[in-house]
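Quantities reported herein were computed from a predicted structural model and do not represent experimental measurements.
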Amino acid sequence: MVLSDHSIKEQLLQGRIRIEPLDPEDIQPSSVDLHLGGHFQVFRNSRYPYIDPSREQDGLMELVEASTEQPFVLHPGEFVLGTTTERIVLPGDIVARLEGKSSLGRLGLLIHSTAGYVDPGWDGRLTLELSNVANLPIVLMPGMAIGQISFSHMTTAVDRPYGTPGLGSKYQGQNDVTSSRSFENFGGR
């Protein structure tokens, strides 16, 4: 079942769910608002002729830093990676879903392609898969509310939470925007 604001506050007070930093004003009826960090990974289109998910492609993406004085401009059809300012930590019996803000979606901003699921045992900042499906550029300001996270209790705690050795948890503990590590699924070649 999805946790209400009351249950989210209880879980936070007990330290079972951690969100750092957290402004209590960001707790919504059944979710918590998350904010955009200032680092982005953008594709260097001239570096490789194509993307090969089975190979580590050094330099495929480059880090770009934005600020309130110089925000990031996401152009139509562009795809970049961003991150939340908040670190999320989940226990072994709670799963989370990341969703975009409706007001931003109505402007053509998508915040994830497939990475909206946050496993039990997760610890780290969330990497955002940002896409502009509008016809005009969208200004992304570090610190702006970018999405919301909701939480659900599982029937039991999982046997192997995300991050368990041998599970292949490639992104546990990420602290900044993190590019794909899909090549690890192919033996890391």
Side-chain angles (χ1 to χ4, degrees), residues 1-41 53-56 61 63 79-101 110-131 142-189:
M1 77 181 69
V2 176
L3 300 186
S4 68
D5 55 356
H6 181 82
S7 295
I8 292 169
K9 290 175 191 174
E10 284 180 342
Q11 295 294 313
L12 289 165
L13 280 173
Q14 294 171 14
R16 291 180 32 76
I17 294 175
R18 291 180 18 217
I19 302 175
E20 303 160 350
L22 174 65
D23 181 341
E25 294 295 315
D26 288 327
I27 300 174
Q28 301 300 318
S30 61
S31 64
V32 177
D33 285 347
L34 299 179
H35 301 85
L36 183 63
H39 293 144
F40 300 87
Q41 290 270 355
S54 70
R55 299 192 181 281
E56 184 172 6
M61 301 188 90
L63 186 66
F79 175 86
V80 301
L81 299 178
T83 188
T84 60
T85 59
E86 293 86 359
R87 174 180 169 224
I88 309 294
V89 181
L90 298 179
D93 63 345
I94 293 181
V95 65
R97 287 281 315 164
L98 173 67
E99 298 296 341
K101 299 290 291 175
L110 307 178
I111 70 161
H112 71 80
S113 300
T114 61
Y117 188 82
V118 187
D119 279 307
W122 170 263
D123 181 350
R125 287 184 170 76
L126 301 173
T127 292
L128 305 170
E129 303 160 338
L130 301 163
S131 296
M144 68 187 279
I146 194 71
Q148 54 197 353
I149 190 167
S150 62
F151 306 93
S152 297
H153 264 292
M154 301 183 67
T155 55
T156 65
V158 297
D159 291 332
R160 298 184 318 153
Y162 193 84
T164 299
L167 193 59
S169 306
K170 296 183 280 295
Y171 305 105
Q172 183 74 316
Q174 67 186 18
N175 196 37
D176 204 353
V177 60
T178 305
S179 57
S180 175
R181 295 180 179 153
S182 67
F183 64 90
E184 293 179 12
N185 296 339
F186 297 87
R189 49 185 193 131

Worksheet entry | Atom pair CG/CG of Leu81 and Leu128 - distance to nearest 0.5 Å | 8.5 Å

Worksheet item: So, Glu184 side chain and Gly168 main chain: donor-acceptor pair closer than 3.5 Å or not?
Response: no

Worksheet item: Hey, is Arg125 close enough to Asp176 for a salt bridge, meaning N to O under 4.0 Å?
Response: no

Worksheet item: Rounded to the nearest 0.5 Å, how far apart are CG of Asp93 and CD of Gln11?
Response: 7.0 Å

Worksheet item: Shortest non-hydrogen contact from Ser150 to Ser30?
Response: CB-O, 3.4 Å

Worksheet item: Mind checking whether Ile149 and Ser31 have side chains closer than 4.5 Å, heavy atoms only?
Response: no

Practice prompt. Could you walk me through whether Met61 and Phe40 pass side-chain contact (heavy atoms from CB on, under 4.5 Å), step by step?
Written response: CA-CA 9 Å; Met61 301 188 90; Phe40 300 87; over 6 Å; no

Worksheet item: Is it the case that more than 12 heavy atoms not belonging to Arg181 sit under 6.0 Å from its CZ atom?
Response: yes

Worksheet entry | Beyond-backbone contact of Thr164 with Val158, side-chain heavy atoms, under 4.5 angstrom | no

Worksheet entry | Point-to-point distance, once rounded to the nearest 0.5 Å, from OG1 of Thr155 to NE2 of His153 | 11.5 Å

Worksheet item: Closest approach of Tyr162 and Tyr171, non-hydrogen atoms and distance?
Response: OH-N, 3.1 Å

Worksheet item: Which value, rounded to the nearest 0.5 Å, describes the distance between Arg160 atom CZ and Ser169 atom OG?
Response: 8.5 Å

Worksheet item: Under 4.5 Å between any side-chain heavy atoms of Leu3 and Ile17, yes or no?
Response: yes

Discussion item. If I take atom CD1 from residue Ile8 and atom CZ from residue Arg16, how far apart are they, to the nearest 0.5 angstrom?
Written reply: 13.5 Å

Worksheet item: Yes or no on side-chain contact (heavy atoms from CB on, under 4.5 Å) for Glu86 and Leu22, after CA distance, side-chain angles and deciding distance?
Response: CA-CA 7 Å; Glu86 293 86 359; Leu22 174 65; over 6 Å; no

Item to complete: Write down the atom of Pro53, the atom of Ser182, and the distance for their closest heavy-atom approach.
Response: O-OG, 2.7 Å

Worksheet item: Quick one: CD1 on Ile111 to OG1 on Thr127, what's the gap to the nearest 0.5 Å?
Response: 12.0 Å

Worksheet item: Thr83 side chain to Leu126 main-chain N or O, any donor-acceptor pair under 3.5 Å?
Response: yes

Worksheet item: Are any of the side-chain heavy atoms of Asp26 and Ile19 separated by less than 4.5 Å?
Response: no

Response to the item:
What one should report as the nearest heavy-atom pair of Gln148 and Lys101 is OE1-NZ, 4.1 Å

Discussion item. Quick one, Val32 and Phe151 - any side-chain contact, counting heavy atoms below 4.5 Å?
Written reply: yes

Worksheet item: Taking the side chain as C-beta and beyond, is there a heavy-atom pair between Pro120 and Leu90 under 4.5 Å?
Response: no

Worksheet item: What's the shortest heavy-atom distance between Ser131 and Phe79, and which atoms?
Response: OG-CD1, 3.3 Å

Item to complete: Looking only at non-hydrogen atoms, find the nearest pair between Gly82 and Val177 and report the distance.
Response: O-CG2, 3.5 Å

Worksheet item: Quick check: are there more than 12 heavy atoms from other residues, nucleotides or ligands sitting under 6.0 Å from NE2 of His6?
Response: no

Discussion item. A side-chain contact here means heavy atoms from C-beta on lying under 4.5 Å apart; do Lys170 and Asn185 qualify?
Written reply: yes

Worksheet item: Does Gln172 reach the main-chain N or O of Asp123 with its side chain, forming a donor-acceptor pair under 3.5 Å?
Response: yes

Discussion item. For Gln14, I'd like to know if atom CD has over 12 heavy atoms of other residues, nucleotides or ligands within 6.0 Å.
Written reply: yes

